[in-house]
Structure formats: structure tokens, C-alpha cells
Protein chains: 2
Amino acid sequence: MSEARERVLDAAEKLFMDQGYAAISMRDIAGVLGLQQAALYYHVKGKEELFMAVVERNMQRQRTGLEQAIASAPDDLEAQLKAIAHWLVEHMPVDMIRMLRSDAAHISPTYASQLLRHVAESMMEPILSVIQPAQRRGEVQPMDPNLLAGMLIGVMNWVAYFDQEALLEMPTEAVIEQVIAVLLHGMIVR
Amino acid sequence: MSEARERVLDAAEKLFMDQGYAAISMRDIAGVLGLQQAALYYHVKGKEELFMAVVERNMQRQRTGLEQAIASAPDDLEAQLKAIAHWLVEHMPVDMIRMLRSDAAHISPTYASQLLRHVAESMMEPILSVIQPAQRRGEVQPMDPNLLAGMLIGVMNWVAYFDQEALLEMPTEAVIEQVIAVLLHGMIVR
DNA sequence: GTCTATAGTTCGATAGAC
DNA sequence: GTCTATCGAACTATAGAC
């Protein structure tokens with residue numbers, strides 16, 4: 001991919017992920033780059049194609065980022081979940097549900113189902129690859145692992161929001177520590 | 001409030017909460033009601049005013065719904081969290097973070113800060129009113145209660161999404177049971 | 001590769017008939 | 001209370017000069 005197209009994707013990614021597909025115009029994206037709106041069409045086919053290219057690149061990064069975070073962590077559940085949480089709070093699109101619902105509703109059905117598959121393969125899969133072995137070892141409760149993975153993403157989505165808006169006075173590292181502790185051992189004092 | 005305006009708010013609520021402020025046009029809302037777009041302006045001042053009226057009414061319902069759910073439940077942490085979760089999965093707007101970020105970015109700053117305050121007062125407050133006494137009793141870990149409340153909302157947001165899209169084969173009641181069990185006692189087998 | 005110009009559509013909002 | 005008609009602005013996308 002050309003370096004110029006890469007820069008277009010960078011600008012589009014920031015805007016689309018922050019505010020959503022419908023809320024961002026091609027002029028907004030061109031404006032960030034100091035270009036006229038029409039100039040974008042030399043690099044991309046249209047708004048939908050641009051959005052899907054952004055999503056695909058981002059999801060590819062999620063997958064490799066999560067897999068590397070897991071591979072670099074010690075081979076135990078707590079360390080791996082912390083590594084996942086650490087990656088997610090810094091690199092996850094801040095609103096996954098908007099992507100899966102609102103954004104998906106405004107692109108073609110083909111693209112929408114691709115979007116869902118990308119999230120399943122690039123975000124759910126790596127997390128499941130940590131949870132499921134731990135369940136087989138009898139370490140984790142024998143409940144639906146998709147629910148556990150969804151809970152982790154849902155929580156981290158909220159943490160990432162708190163973090164970006166600076167709504168907690170704790171350092172990010174401490175927040176992750178506490179969140180993972182609750183998910184592993186519960187909020188109840190034992 | 002007139003019955004007709006109420007119907008306008010109903011239609012707008014469903015569309016706005018599902019797809020977001022920017023993605024919905026006044027024509028979309030009128031279409032659901034079988035009206036011409038211009039007819040809406042007899043009932044509301046404009047799109048922003050309509051959106052804020054929808055948010056305010058919804059948040060008022062969240063507050064009374066949550067407070068009643070808590071009051072009707074037995075006076076113990078687990079029962080009250082389940083009551084909250086039960087209410088949220090059925091009545092929460094499906095994407096709180098989109099409301100607080102994307103939607104807020106497309107309305108006037110005054111309205112945006114009102115939106116934030118409504119969420120704090122109508123959703124966070126009732127949840128805090130359950131968590132904080134339990135912390136004072138020494139029942140819950142002495143961590144930031146806002147973080148715990150945010151975790152609950154984040155998780156329930158994801159559960160509500162799973163539930164609406166029918167991505168889990170369990171009945172909703174069982175999902176809530178498992179989610180609250182994890183938040184209270186952790187996913188680790190003890 | 002980026003520009004200007006513009007076609008064609010859709011948007012929020014207003015005016016005025018009924 | 002709802003309609004038709006319409007305005008001005010913003011949108012995606014294309015054509016063609018440079």
C-alpha cells in the first residue's frame with residue numbers, strides 16, 4: 001500500500017473510530033490532511049471502501065497486537081489477562097458496540113457481516129485462546145467462554161473511555177490491576 | 001406533555017438510541033410515524049431539542065427504574081446487583097459510550113455536558129447507592145466505586161448487545177446469573 | 001496527485017395553505 | 001396538526017485542468 005494511502009487511512013481511522021461512520025464526512029478527513037475533499041478519491045474508491053479498509057487494518061493490528069501481548073506474557077492466566085487488558089486500553093477502538101451496531105447499519109450488508117467476522121476473529125479469538133485452555137485446566141469456571149471474553153471487552157471499553165476522558169485519578173496501570181483482580185477473584189472481600 | 005409529542009419522542013428514542021444522533025434524520029423519524037418531515041416541527045423545536053428531550057426522558061426512566069428495582073429487591077448485595085442487571089439488560093440504551101462520545105460531539109456543548117450529568121445522576125448514582133454501603137460494611141473491596149459501577153455498566157452493555165443479537169443460546173436470566181457471579185466471586189474456581 | 005467546478009442527493013428548517 | 005413547497009447548506013462522487 002502506498003505511503004499516501006496509508007496517511008489517508010490514518011486520518012480516517014482517528015475520525016471514524018472516535019465519532020462513527022455516519023458522523024464523519026469525506027471533507028472532515030480531507031481537512032485533517034490539508035487536502036480538498038475530491039483529492040481523497042485518488043487514493044480510495046469511496047467512503048464505504050475507505051471505512052472498511054480502516055476497519056480491516058485496525059482489526060489486523062488488534063489480532064497481532066493481542067497475540068504478541070499474550071505470547072510475551074508469562075504462561076499464566078492472570079499475567080495473560082493483564083497483558084490483554086493493557087493492550088486493549090491503549091489500542092482498542094473506544095466503542096466496539098457502536099461499530100457493531102450503528103456503523104454496521106449504515107454500510108452495505110456484505111461489509112456489515114465482514115465487520116462482525118473481523119471482530120470475532122481478531123478480538124474474540126485471541127481472548128478465547130487464553131480463557132479456554134484455563135477452563136480445560138479447571139482453573140476457570142465452566143461457563144460460556146464467549147460471555148467471559150465479551151465481559152472483558154465490555155469492561156475494557158468502559159475503562160478505555162474513563163482513561164481517555166481522565167475520569168479516574170488512578171494511573172492506568174492501577175486501574176488494570178483492579179479490574180483484572182475483580183474479574184478473576186470478584187469484588188467481594190473473602 | 002401532549003400525547004402526540006409523546007409519540008414523536010417514542011419514535012425518535014428508538015431510532016436515536018439504536019443508531020445515534022448523527023445517523024438519524026428528521027425524515028427517518030417522521031417516516032416511522034407516517035408523517036411528513038415538516039410536521040415534526042409542530043411538536044418539537046428542532047433536531048437537537050428533540051434529541052435532548054429523548055435523552056432526558058430516557059434518563060429519568062433509568063433513574064426511577066433502577067431505584068425501584070433496587071428497592072424491590074432483598075436488602076443484600078447480590079440480590080440488588082441482579083435486580084440492577086435485570087433492569088439494565090432490558091431497558092438500558094444499548095450503547096452508552098456512543099451517547100457519551102459520538103453523540104455528545106455533535107450537539108451543542110451545553111447539551112453535551114447536560115448529557116454527561118444525566119448519565120452520572122440517573123445511572124451511576126443508583127448503582128453507587130448499592131456498592132458504597134456494601135463497601136462501608138466491609139463486604140466489597142475498598143476500590144474506586146465509580147470504577148466498579150462503570151464495570152457493571154460496561155459489562156451489561158455488552159450483555160444487552162449479545163442478548164439483542166441473540167448471540168448466546170442461554171436464556172437471559174442465566175446470563176445475568178453468571179455475569180453477576182463473576183463480578184462478585186470471580187471467574188477463578190476456588 | 002491535487003486542484004476547481006459541478007452534478008445530483010439529502011439534510012434541517014421555514015412559510016403558508018388547508 | 002398536517003400538508004406542499006421550497007430555501008440554503010452539506011453531502012458523495014465525477015470530470016477534467018494542471
Side-chain angles (χ1 to χ4, degrees), chain A residues 1-56 98 102-112 115, chain B residues 1-56 98-99 102-112 114-115:
Chain A
M1 179 155 52
S2 82
E3 199 182 305
R5 181 174 154 102
E6 204 90 46
R7 273 195 299 275
V8 171
L9 292 196
D10 289 341
E13 179 168 20
K14 182 153 177 42
L15 293 171
F16 278 143
M17 295 301 185
D18 260 28
Q19 308 197 43
Y21 179 78
I24 295 300
S25 71
M26 296 296 272
R27 275 176 181 81
D28 293 330
I29 298 164
V32 168
L33 295 162
L35 294 178
Q36 288 301 312
Q37 171 252 149
L40 295 179
Y41 288 81
Y42 177 81
H43 303 283
V44 302
K45 259 181 55 190
K47 191 185 177 186
E48 280 209 355
E49 186 265 337
L50 171 56
F51 179 73
M52 279 309 291
V54 163
V55 168
E56 270 161 32
R98 190 210 59 225
S102 317
D103 293 348
H106 290 271
I107 57 183
S108 76
T110 314
Y111 280 158
L115 203 164
Chain B
M1 180 155 52
S2 81
E3 199 182 305
R5 181 175 154 101
E6 204 92 46
R7 274 195 300 274
V8 171
L9 292 196
D10 289 341
E13 179 168 20
K14 181 152 177 45
L15 294 171
F16 279 143
M17 294 302 185
D18 261 28
Q19 308 197 43
Y21 179 76
I24 295 300
S25 71
M26 296 295 273
R27 280 174 178 81
D28 292 332
I29 298 165
V32 168
L33 295 163
L35 295 178
Q36 289 301 311
Q37 171 252 149
L40 294 179
Y41 288 81
Y42 176 82
H43 303 283
V44 301
K45 258 180 56 187
K47 192 186 177 186
E48 280 209 353
E49 186 265 336
L50 171 56
F51 179 72
M52 279 309 291
V54 163
V55 168
E56 269 161 32
R98 190 210 58 225
M99 276 185 53
S102 317
D103 292 348
H106 290 270
I107 57 182
S108 77
T110 314
Y111 280 158
Q114 280 179 33
L115 202 163

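Atom set for the values below is all heavy atoms of this structure, side chains included, hydrogens, waters and symmetry mates excluded. Letters go in sequence order (proteins before strands), and every chain restarts at 1. Note that the coordinates shown come from a computational prediction; the quantities given were computed from them, not determined experimentally.
Contact annotation: Gln36(B) side-chain N/O to dT4(D) OP1/OP2 distance is under 4.0 Å. Neither OP1 nor OP2 of dT2(C) sits under 4.0 Å from any side-chain N or O of Tyr42(A).
Using a distance-only test at 3.5 Å, with no hydrogens or angles considered, no donor-acceptor pair links the side chain of Asp18(B) to the main chain of Leu15(B). Side chain of Arg98(B) to backbone of Met17(B): a donor-acceptor contact under 3.5 angstrom is found.
In this structure, NZ of Lys45(B) is placed 15 Å from C1' of dT14(C), rounded to the nearest angstrom. One can place CE of Met26(B) at 8 Å from C1' of dG12(C), the figure rounded to the nearest angstrom. Rounded to a whole Å, the CG atom of Leu40(A) is 17 Å from the P atom of dA15(D). When the P atom of dA10(D) is taken as reference, atom CD1 of Ile29(A) falls 17 Å away, rounded to whole Å.
Listed nucleotides dA5(C), dC11(C), dT12(D) differ in distance to Arg27(B); the shortest reach to its side chain belongs to dC11(C). Closest contact between the side chain of Lys47(B) and the listed nucleotides dT4(C), dT4(D), dA13(C) involves dA13(C). When distances run from any side-chain atom of Tyr41(A) to the nucleotides dG12(C), dC3(D), dT12(D), the shortest one goes to dT12(D). Between dG12(C), dT12(D), dC3(D), one nucleotide has an atom nearer to the side chain of Leu35(B) than all others, and that is dC3(D).
To the nearest 0.5 Å, the span separating CD on Glu48(B) from OH on Tyr21(B) amounts to 4.5 Å.
Applying the side chain to side chain donor-acceptor pair (under 3.5 Å) criterion to Asp10(B), with sequence neighbours excluded, gives Arg57(B).
The residue among His43(A) and Gln37(A) whose nearest nucleotide of DNA chain C lies closer to the 5′ end is His43(A).
When heavy atoms are screened at a 4.0 angstrom cut-off, Ala4(B) is found touching no nucleic acid atom at all. Nucleic acid contact for Leu33(A): none, since no nucleic acid atom lies under 4.0 Å from a heavy atom of the residue.
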